[in-house]
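This report concerns only the one structure given below.
Position 1 is the first residue of the sequence, and the numbers go up from there. These numbers were taken from a predicted model, which means no experiment stands behind them. All values below come from the heavy atoms of this structure, side chains included, with hydrogens, waters and symmetry mates left out.
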Amino acid sequence: LHPCGLCSSVWYILCGCVNGNNSRLPLCVRQRWAYLKLMVNSLYYNSLTNSDVIMDSLMEPIFWMVDLLTRWFGSVFVCLVVILTSSILLIAYVGLLPLILNTYSPPWIVWHIGYGHWNLFMIVFHYYKATKTAPGYPPTVKNDIPFVSVCKKCIIPKPARTHHCGICNTCILKMDHHCPWLNNCVGHFNQRYFFCFCLSMTLGCVYCSISGRNLFLDAYSAIERFKHMDLDKSGVPVTGMGQLIGILPPGQVVRTPPPPYTFRDKMFHKSIIYMWVLTSTVAVALGGLTIWHAVLISRGETSIERHINNKEAERMAKHGKVYKNPFNYGRLNNWKVFFGVEKRSHWLTRVLLPSGHAPYGNGLTWDIYPIRKDMIPV
């Protein structure tokens with residue numbers, strides 16, 4: 001069908017369902033019925049229908065449910081990140097910090113306190129900025145910005161590297177993915193905050209896992225040792241020669257005093273085990289995600305563009321051509337563009353220290369980066 005004819009058909013279907021015989025039904029029911037009828041009619045009113053279109057139409061209710069649940073659980077995931085991180089901080093300040101001050105030498109105390117607080121500040125700063133910074137949205141008014149396609153859901157022009165997010169229900173500039181742990185999309189304006197948060201959280205978990213390994217082994221051994229002592233009898237009956245010489249009357253038991261294992265000691269050991277297991281698990285899982293995004297940044301592409309570029313490379317390879325990513329400036333240059341490094345001091349002020357500077361460009365055009373066209377990729 002012609003696009004105008006298709007729009008007319010859609011409008012006719014919606015009006016017929018809302019204003020027809022079902023007008024007595026609630027509005028939400030009529031809207032769902034119109035949407036369902038539109039999906040069914042789209043299977044045979046479109047001359048371009050194929051197996052992929054049919055499968056997408058059949059899976060649309062499932063996609064809608066997943067998007068709805070992800071949108072609703074976003075706040076829960078953010079609260080979970082805050083609660084788990086706060087629990088580790090509570091254990092570190094209440095249990096480990098006094099132990100460090102009493103047992104470690106001054107140089108090690110300075111190292112642990114200095115690195116630990118730098119890592120903590122990096123985590124808090126970048127997580128807050130990643131959740132509160134808008135990823136960037138394309139303009140909805142008429143403009144002269146070049147675009148590559150039109151969003152089928154937003155019905156607005158999409159600039160290069162822009163994709164639609166079904167969870168946020170809008171188009172995102174340079175969209176990478178929707179992160180439920182941030183309850184936000186990762187796009188042009190907050191991708192650096194997201195990656196720095198993942199990197200700093202991974203480094204913090206690795207730091208806790210390595211430095212707390214011996215404490216974990218000691219705590220686990222202590223709990224197992226006292227658990228077996230609780231199961232044993234509190235005394236051993238004296239038999240044989242003891243009864244013959246009359247030291248103790250028959251059946252008398254020699255009771256040994258219980259070890260000084262208080263409730264505070266038990267909670268301390270369990271807290272150490274909890275901290276080490278949690279940080280080690282997060283270090284492995286989040287470390288893999290961080291490495292994957294580091295590879296993508298080195299290649300000058302996002303998670304979505306990775307799949308698109310692979311398909312485009314395969315398509316061009318069939319015609320004997322080689323696909324080249326137009327947004328790949330070379331490994332080192334890609335990192336400079338990503339972090340916004342313009343001079344050497346920026347590696348300290350913008351990478352090793354928290355910085356709220358905006359990324360290069362506006363996310364709409366991609367030919368304004370301060371990189372010479374004749375620059376040799378590094």
Side-chain angles (χ1 to χ4, degrees), residues 74-75 77-101 104-135 176 179-184 186-187 189-213 215 271-272 274-276 278-291 293-294 297 335-336 338-359:
S75 301
F77 288 150
V78 171
C79 293
L80 189 61
V81 172
V82 175
I83 292 173
L84 293 178
T85 306
S86 301
S87 65
I88 298 300
L89 293 178
L90 182 64
I91 295 172
Y93 279 105
V94 175
L96 296 182
L97 186 59
L99 185 64
I100 291 175
L101 296 177
Y104 285 18
S105 60
W108 277 110
I109 293 177
V110 173
W111 155 253
H112 283 290
I113 293 180
Y115 175 81
H117 285 84
W118 170 82
N119 205 159
L120 174 62
F121 191 70
M122 292 286 286
I123 292 173
V124 174
F125 174 82
H126 288 109
Y127 186 73
Y128 176 80
K129 296 291 288 186
T131 55
K132 294 299 182 180
T133 303
D176 188 274
C179 181
W181 299 101
L182 300 179
N183 195 25
N184 195 9
V186 177
F189 290 100
N190 66 345
Q191 185 183 13
R192 180 177 65 89
Y193 298 130
F194 166 77
F195 176 78
C196 291
F197 162 71
C198 292
L199 180 61
S200 56
M201 179 65 82
T202 301
L203 293 177
C205 290
V206 171
Y207 164 73
C208 292
S209 179
I210 294 177
S211 60
R213 178 179 176 273
L215 288 175
S271 299
I272 295 298
Y274 163 78
M275 182 193 70
W276 191 87
L278 179 61
T279 55
S280 300
T281 304
V282 174
V284 173
L286 192 59
L289 179 64
T290 304
I291 293 174
H293 279 279
I297 295 171
W335 284 102
K336 288 181 178 180
F338 180 78
F339 284 118
V341 174
E342 300 177 358
K343 50 187 179 180
R344 291 184 178 180
S345 60
H346 285 169
W347 289 108
L348 173 64
T349 59
R350 294 188 174 185
V351 179
L352 296 181
L353 295 177
S355 176
H357 67 278

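A side-chain contact (heavy atoms from CB on, under 4.5 Å) with His126 is found for exactly one of Phe194, Phe197, Phe195, namely Phe197. Checking Thr279, Thr290, Thr85 one by one against Met201, the side-chain contact (heavy atoms from CB on, under 4.5 Å) holds for a single residue, Thr85.
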**OP:** Give the intermediate values and the outcome of side-chain contact (heavy atoms from CB on, under 4.5 Å) for residues Val81 and Leu182.
**Re:** CA-CA 9 Å; Val81 172; Leu182 300 179; over 6 Å; no

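In this structure a side-chain-to-backbone donor-acceptor pair under 3.5 Å is missing from Asn184 to Pro135. Between the side chain of Asn119 and the main chain of Ser200, a donor-acceptor pair closer than 3.5 Å is present. Panel note: side chain Arg192, backbone His357; a donor-acceptor pair is recorded below 3.5 Å. No donor-acceptor distance shorter than 3.5 angstrom exists from the side chain of Asp176 to the backbone of Val186, with no hydrogens or angles considered. With hydrogens and angles ignored, the 3.5 Å screen pairs a side-chain donor or acceptor of Ser87 with a backbone N or O of Leu84.
Counting only heavy atoms from C-beta outward, the side chains of Tyr127 and Val78 approach each other to under 4.5 Å. Counting heavy atoms from C-beta outward, Trp276 and Cys208 have side chains that stay 4.5 Å or more apart. A heavy-atom distance below 4.5 Å is not found between the side chains of Asn183 and Phe77.
We find the CG-OH distance between Leu99 and Tyr104 to be 6.5 Å, quoted to the nearest 0.5 Å. With rounding to the nearest 0.5 angstrom, the CD1 atom of Ile91 is 8.5 Å from the CG atom of Leu278. Summarising the geometry, atom SG belonging to Cys196 is positioned 12.0 Å from atom CD1 belonging to Ile123; distances are rounded to the nearest 0.5 Å. Interatomic distance, NE2 of His112 versus CG of Leu101, reported as 11.0 Å (0.5 Å rounding). Note: His293 NE2 to Gln191 CD = 8.0 Å, rounded to the nearest 0.5 Å. Ile291 CD1 to Thr202 OG1: the interatomic distance, rounded to the nearest 0.5 Å, is 8.5 Å.
Closest of all the heavy-atom pairs between Ala130 and Asn190 is O-ND2, 3.3 Å. Looking at every heavy atom in both residues, Met122 comes nearest to Leu352 through SD-O, 3.9 Å. The two residues Pro354 and Phe125 come nearest to each other via the heavy atoms CB-CD2, 3.4 Å.
The six-membered or imidazole ring of His117 lies near that of Tyr93, with a centre-to-centre distance under 6.0 Å. Proximity of the aromatic rings of Trp118 and Phe121 is defined here by a centroid distance below 6.0 angstrom, and this criterion is not met.
Sparse packing is recorded around CH2 of Trp108, with 12 or fewer heavy atoms of other residues, nucleotides or ligands lying under 6.0 Å away.
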